[in-house]
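Before any comments, here is the structure.
Owing to the predicted nature of the structure, the values given are computational and were not obtained by experimental measurement. Just so you know, residue 1 is the first one in the sequence shown, and it goes up from there.
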Amino acid sequence: MDIDIPNPSIEQVEIYLTKWDGLENYHLQEDALNKLFFELCPKNTDVIDILLKASTLNDFYSTNIFSIYPVARHICALDIDLRLKAGDVTLVGDIQYVTIGDTLKNFYSFASKYCSHHNPLDYPIYDSYVDEVLRYFRNRDNFSYFQDGDLKDYVKFKGILIDFRAFYGLEKYNLKQIDQYVWQLGKEYFPKNYGKKKRGDK
């Protein structure tokens, strides 16, 4: 099936940001997460606070982490608060790999969400919808040169999203707004035929 997505423009971004504002379920979910991350449990020094945040993210976003305690313990051990505040993009890579039992798990999308909900302007969210859209426009318009696998490297992923914003003249929007726009395009033009259509992992 041929897919024809409208050219990214300020007009298009405004249309999708307005649509986002009309999605009550997403708004209430975001409000709940903001209260949890910014007001109730802003720090990451107590594993109980981290458990609350990680469990809520896992549920709201259907990230399919079946054993959340090892993830919370791993985050607690990393001592991440100063790095989060500084917008250290290498932090996502440190959070994403967690050993559960004898298995090394890769929770890349979850790690990007965990950082984003502490510092949304510095940490855009990776998920499969955003991945699809960025590859589509690379193939169509050559807005940036990257391999598919580069999107799974968070430092490169953020750089690619910044390239996307610059190429289409969208610098007036912050990365959270660009992320909301691109995610909605992915949801609309590359729909998944399984599971819940939330901001989950692949």
Side-chain angles (χ1 to χ4, degrees), residues 25-26 29-38 40-81 83-85 87-134 148-161 175-176 178-180 182-184 186-187 190 192 194-202:
N25 57 326
Y26 288 106
Q29 184 170 291
E30 288 280 307
D31 290 347
L33 290 170
N34 287 341
K35 184 169 185 176
L36 182 58
F37 278 75
F38 294 136
L40 301 178
C41 303
K43 296 190 181 302
N44 293 278
T45 52
D46 184 335
V47 73
I48 294 172
D49 288 353
I50 297 168
L51 263 174
L52 281 169
K53 290 185 286 189
S55 298
T56 305
L57 271 184
N58 189 42
D59 180 63
F60 280 3
Y61 284 130
S62 301
T63 47
N64 301 316
I65 299 174
F66 300 109
S67 183
I68 204 72
Y69 174 68
V71 177
R73 188 180 58 201
H74 170 65
I75 292 170
C76 192
L78 287 172
D79 190 22
I80 66 174
D81 287 334
R83 294 175 69 189
L84 276 173
K85 189 174 181 181
D88 179 354
V89 287
T90 66
L91 180 57
V92 172
D94 290 340
I95 290 174
Q96 78 185 77
Y97 292 105
V98 184
T99 300
I100 298 180
D102 296 324
T103 306
L104 182 65
K105 298 284 192 178
N106 181 356
F107 298 129
Y108 177 42
S109 183
F110 169 85
S112 76
K113 294 175 175 79
Y114 194 85
C115 291
S116 181
H117 281 284
H118 287 93
N119 183 351
L121 298 183
D122 283 328
Y123 294 100
I125 291 174
Y126 170 87
D127 75 3
S128 57
Y129 285 135
V130 174
D131 186 300
E132 292 265 22
V133 172
L134 292 174
D148 290 357
D150 291 343
L151 293 167
K152 299 292 181 68
D153 176 321
Y154 190 78
V155 176
K156 293 178 180 177
F157 165 71
K158 183 179 176 181
I160 291 163
L161 205 61
L175 287 179
K176 184 174 177 61
I178 294 294
D179 185 58
Q180 289 170 337
V182 172
W183 179 77
Q184 287 184 92
K187 188 169 182 289
F190 301 98
K192 304 291 187 290
Y194 55 88
K196 303 171 184 176
K197 289 184 173 60
K198 296 183 182 179
R199 293 217 60 174
D201 286 291
K202 287 176 62 178

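- Phe190 meets the side-chain contact (heavy atoms from CB on, under 4.5 Å) test with Ile3, Ile5, Glu132, Val133, Tyr136; sequence neighbours excluded.
- Lys176 meets the side-chain hydrogen bond (donor to acceptor under 3.5 Å, both in side chains) test with Glu30; sequence neighbours excluded.
- Under the side-chain contact (heavy atoms from CB on, under 4.5 Å) criterion, Asp150 pairs with Phe146, Gln147, Lys156, Ile160, sequence neighbours left out.
- Distance alone, capped at 3.5 Å, is enough to place a donor-acceptor pair between the Asp127 side chain and the Val130 backbone.
- Partners of Asp79 by salt bridge (charged side-chain N to carboxylate O under 4.0 Å, His left out), not counting sequence neighbours: none found.
- Under the ring-ring contact (aromatic ring centres under 6.0 Å, His included) rule, Tyr126 has a single partner from Tyr114, Trp183, Phe157, which is Phe157.
- Take Val98 and apply the side-chain contact (heavy atoms from CB on, under 4.5 Å) test, not counting sequence neighbours, and it matches Pro70, Val71, His74, Ile100, Phe107.
- The salt bridge (charged side-chain N to carboxylate O under 4.0 Å, His left out) search around Lys43 returns none, not counting sequence neighbours.
- For His117, the ring pair (Phe, Tyr, Trp, His ring centres under 6.0 Å) partners are Phe37, Tyr61, not counting sequence neighbours.
- Residue pairs meeting the side chain to side chain donor-acceptor pair (under 3.5 Å) criterion with at least one member in residues 47-56, sequence neighbours excluded: Asn44-Lys53, Lys53-His118.
- Remark: Ile48 engages Asp46 in a side-chain contact (heavy atoms from CB on, under 4.5 Å) (not counting sequence neighbours).
- Heavy atoms only, all atoms of each residue included: Val89 and Tyr154 are closest at O-CD2, 3.5 Å.
- In this structure Gln96 satisfies the side-chain hydrogen bond (donor to acceptor under 3.5 Å, both in side chains) test together with Asn106, sequence neighbours excluded.
- Residue pairs that meet the salt bridge (Lys or Arg N to Asp or Glu O under 4.0 Å) test with at least one member in residues 93-104, sequence neighbours left out, are Arg83-Asp94.
- Tyr123 meets the ring pair (Phe, Tyr, Trp, His ring centres under 6.0 Å) test with no other residue; sequence neighbours excluded.
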